[in-house]
A.B. asks: 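Before we start, here is the structure in question, set down as structure tokens.
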2 protein chains.
Amino acid sequence: MSNLQKQAEEMIRRRGERVTSSRVQILAMLLAEQRAVTHHEIEERLRNTHRLDRVTLYRVLEWLNDKCFVHKVVSDDRAWRFRANTHIYPHQHAHFECMRCTTVICLDEMKVEYDRPLPAGYRSQEIELTVKGLCAECT
Amino acid sequence: MSNLQKQAEEMIRRRGERVTSSRVQILAMLLAEQRAVTHHEIEERLRNTHRLDRVTLYRVLEWLNDKCFVHKVVSDDRAWRFRANTHIYPHQHAHFECMRCTTVICLDEMKVEYDRPLPAGYRSQEIELTVKGLCAECT
DNA sequence: GCTGAATTGCAACAAAGTTGCATCTACTAT
DNA sequence: ATAGTAGATGCAACTTTGTTGCAATTCAGC
Ligand SMILES: [Mn+2]
Ligand SMILES: [Mn+2]
Ligand SMILES: [Zn+2]
Ligand SMILES: [Zn+2]
């Protein structure tokens with residue numbers, strides 16, 4: 001069992017949640033990854049090491065998100081992308097989306113704010129900021 | 001023929017593009033609307049007055065977007081929403097998305113900026129800012 | 001009115017995600 | 001250690017949103 005797998009298992013157990021092999025494998029994979037990755041990429045990556053139904057993957061990802069182990073981002077190709085949370089209390093941060101290769105990264109440094117007032121009766125709860133452009137590979 | 005329909009037809013003709021009844025009906029509908037509306041809502045709205053295949057609707061919406069008559073926004077429910085452009089040269093602006101009823105409005109007033117630097121080699125081309133919360137109806 | 005290119009309708013397809021239900025498994029209580 | 005149970009998983013079927021190929025129709029210029 002790899003270090004990341006042990007770490008993933010420990011994270012889940014410490015929160016009093018049920019430890020299953022799918023959860024551990026998926027979270028470990030996400031912990032290793034710098035980018036935000038799609039359902040499809042995760043499936044591909046785990047194919048050889050771990051048998052996993054795609055519905056289970058959807059359900060585990062939703063569960064990881066609900067439990068704040070990961071967060072997800074939607075982008076222009078209409079697919080969710082997932083990334084392990086680096087902070088226990090995830091802070092709002094911006095994302096970068098490459099318009100050519102669709103890579104998504106988190107801009108953890110970038111605090112997101114806005115000041116202008118909303119129309120009467122509207123309340124803000126979250127802010128999402130996406131910078132689009134070309135990544136280092138695609139420039 | 002309503003005023004908006006005349007206006008829509010005139011907008012298309014003045015740009016030297018082919019005027020078709022689908023384009024006129026759809027653009028007129030969008031000109032009347034304050035919110036950003038989905039494919040589905042447009043279809044529903046035009047059902048009684050104008051026979052229209054859903055593929056044609058997709059194609060006309062894409063065409064209207066390409067020609068800058070409208071712009072589109074993707075939101076958490078993974079459906080594109082369309083709104084007629086109020087300025088001829090559309091400026092970047094933020095959007096508000098209601099987390100309960102999924103309504104999307106344009107925050108035309110809100111200029112979008114960001115300052116923090118990107119990772120080395122990354123280039124920014126557009127910025128998208130979405131404020132999420134509760135709309136006036138859902139508060 | 002005729003003509004050619006652009007637009008439309010229809011059927012089939014595709015990607016991404018969801019639902020229902022039977023089976024299996026991780027944790028708890030004994 | 002064993003058994004019971006709530007929760008997790010696998011599988012098949014389904015849904016939603018959007019796309020593609022192609023033949024038939026329509027628009028704009030002559
Ligand atoms: Mn992120
Ligand atoms: Mn807008
Ligand atoms: Zn790229
Ligand atoms: Zn609302």
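Values below: all heavy atoms of this structure, side chains included; hydrogens, waters and symmetry mates excluded. Quantities reported herein were computed from a predicted structural model and do not represent experimental measurements.
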A.B. asks: How would you list, by chain and number, every residue that makes a side chain to side chain contact (heavy atoms under 4.5 Å, CB included) with B:S75, sequence neighbours excluded?
C.D. replies: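 So B:S75 forms a side chain to side chain contact (heavy atoms under 4.5 Å, CB included) with B:D77, B:R81, B:E97, B:V104.
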A.B. asks: Tell me, do A:L30 and A:L64 make a side-chain contact under 4.5 Å, heavy atoms counted?
C.D. replies: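 Sidechains of A:L64 and A:L30: in contact.
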A.B. asks: Could you name each residue pair satisfying salt bridge (charged side-chain N to carboxylate O under 4.0 Å, His left out) that touches residues 51-67 of chain A, not counting sequence neighbours?
C.D. replies: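 Listed once each, the pairs are A:E17-A:K67.
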A.B. asks: Please determine if a side-chain N or O atom of A:R51 lies less than 4.0 Å away from the OP1 or OP2 oxygen of D:dG10.
C.D. replies: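 For D:dG10, OP1 or OP2 has a side-chain N or O of A:R51 closer than 4.0 Å.
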A.B. asks: Taking N and O atoms by type only, does the side chain of A:R59 place a donor or acceptor under 3.5 Å from a partner on the base of D:dG10?
C.D. replies: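 Yes.
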A.B. asks: Can you run down the ring pair (Phe, Tyr, Trp, His ring centres under 6.0 Å) pairs that involve residues 115-139 of chain B, sequence neighbours left out, and say none if there aren't any?
C.D. replies: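 Listed by first then second residue: A:F96-B:Y122.
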A.B. asks: Specify the separation, in whole Å, of atom CD of A:E43 and atom P of D:dG10.
C.D. replies: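 Between P of D:dG10 and CD of A:E43: 12 Å.
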A.B. asks: Please enumerate all residues that pass side chain to side chain contact (heavy atoms under 4.5 Å, CB included) together with B:Q125, with sequence neighbours excluded.
C.D. replies: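 A:M99, A:L134.
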A.B. asks: Between the protein and nucleotides 12-17 of chain D, list the N/O to N/O atom pairs that are separated by less than 3.5 angstrom.
C.D. replies:
residue, atom, partner, partner atom, Å
D:dT17, O3', A:R78, NH1, 3.2

A.B. asks: Nearest whole Å is fine: how far is C:dT7 P from B:I12 CD1?
C.D. replies: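 Taking atom P of C:dT7 as the reference, CD1 of B:I12 is at 11 Å.
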A.B. asks: Can you pull out every ring pair (Phe, Tyr, Trp, His ring centres under 6.0 Å) where at least one residue sits in residues 45-68 of chain B? Sequence neighbours excluded, please.
C.D. replies: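 Residue pairs with at least one partner in residues 45-68 of chain B: B:H39-B:Y58, B:W63-B:F69.
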A.B. asks: A:F82: what forms a ring pair (Phe, Tyr, Trp, His ring centres under 6.0 Å) with it, not counting sequence neighbours?
C.D. replies: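 For A:F82 there are no ring pair (Phe, Tyr, Trp, His ring centres under 6.0 Å) partners, ignoring immediate neighbours.
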A.B. asks: Quick one: is A:S22 getting a side-chain N or O under 4.0 Å of the D:dT9 phosphate, OP1 or OP2?
C.D. replies: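 It does, given that an N or O in the side chain of A:S22 lies less than 4.0 Å from OP1 or OP2 of D:dT9.
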A.B. asks: Apply side chain to side chain donor-acceptor pair (under 3.5 Å) to A:R13 and list each qualifying residue two or more places apart in sequence or on a separate chain.
C.D. replies: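 Per chain and number, A:R13 pairs via side chain to side chain donor-acceptor pair (under 3.5 Å) with A:E9.
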A.B. asks: Applying side chain to side chain donor-acceptor pair (under 3.5 Å) as the test, list every pair that has at least one member in residues 130-139 of chain B; sequence neighbours left out.
C.D. replies: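 Listed once each, the pairs are A:E128-B:K132, B:D76-B:K132.
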A.B. asks: Does any pair with a residue in residues 35-46 of chain B pass salt bridge (charged side-chain N to carboxylate O under 4.0 Å, His left out), and if so which ones, sequence neighbours excluded?
C.D. replies: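 For residues 35-46 of chain B: B:E33-B:R35, B:E33-B:R45, B:R35-B:E41, B:E44-B:R47.
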A.B. asks: List, with names and distances, any nitrogen or oxygen atoms from the protein found under 3.5 Å away from nitrogen or oxygen atoms belonging to nucleotides 26-30 of chain C.
C.D. replies:
residue, atom, partner, partner atom, Å
C:dA26, O3', A:V19, O, 3.4
C:dA26, N3, A:R18, NH2, 2.8
C:dC27, OP1, A:V19, N, 2.7

A.B. asks: For the helix from C:dG1-D:dC30 to C:dT30-D:dA1, what angle separates the axis at the start from the axis at the finish, each from five pairs, in steps of 10°?
C.D. replies: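 Answer for the end axes of this duplex: 40°.
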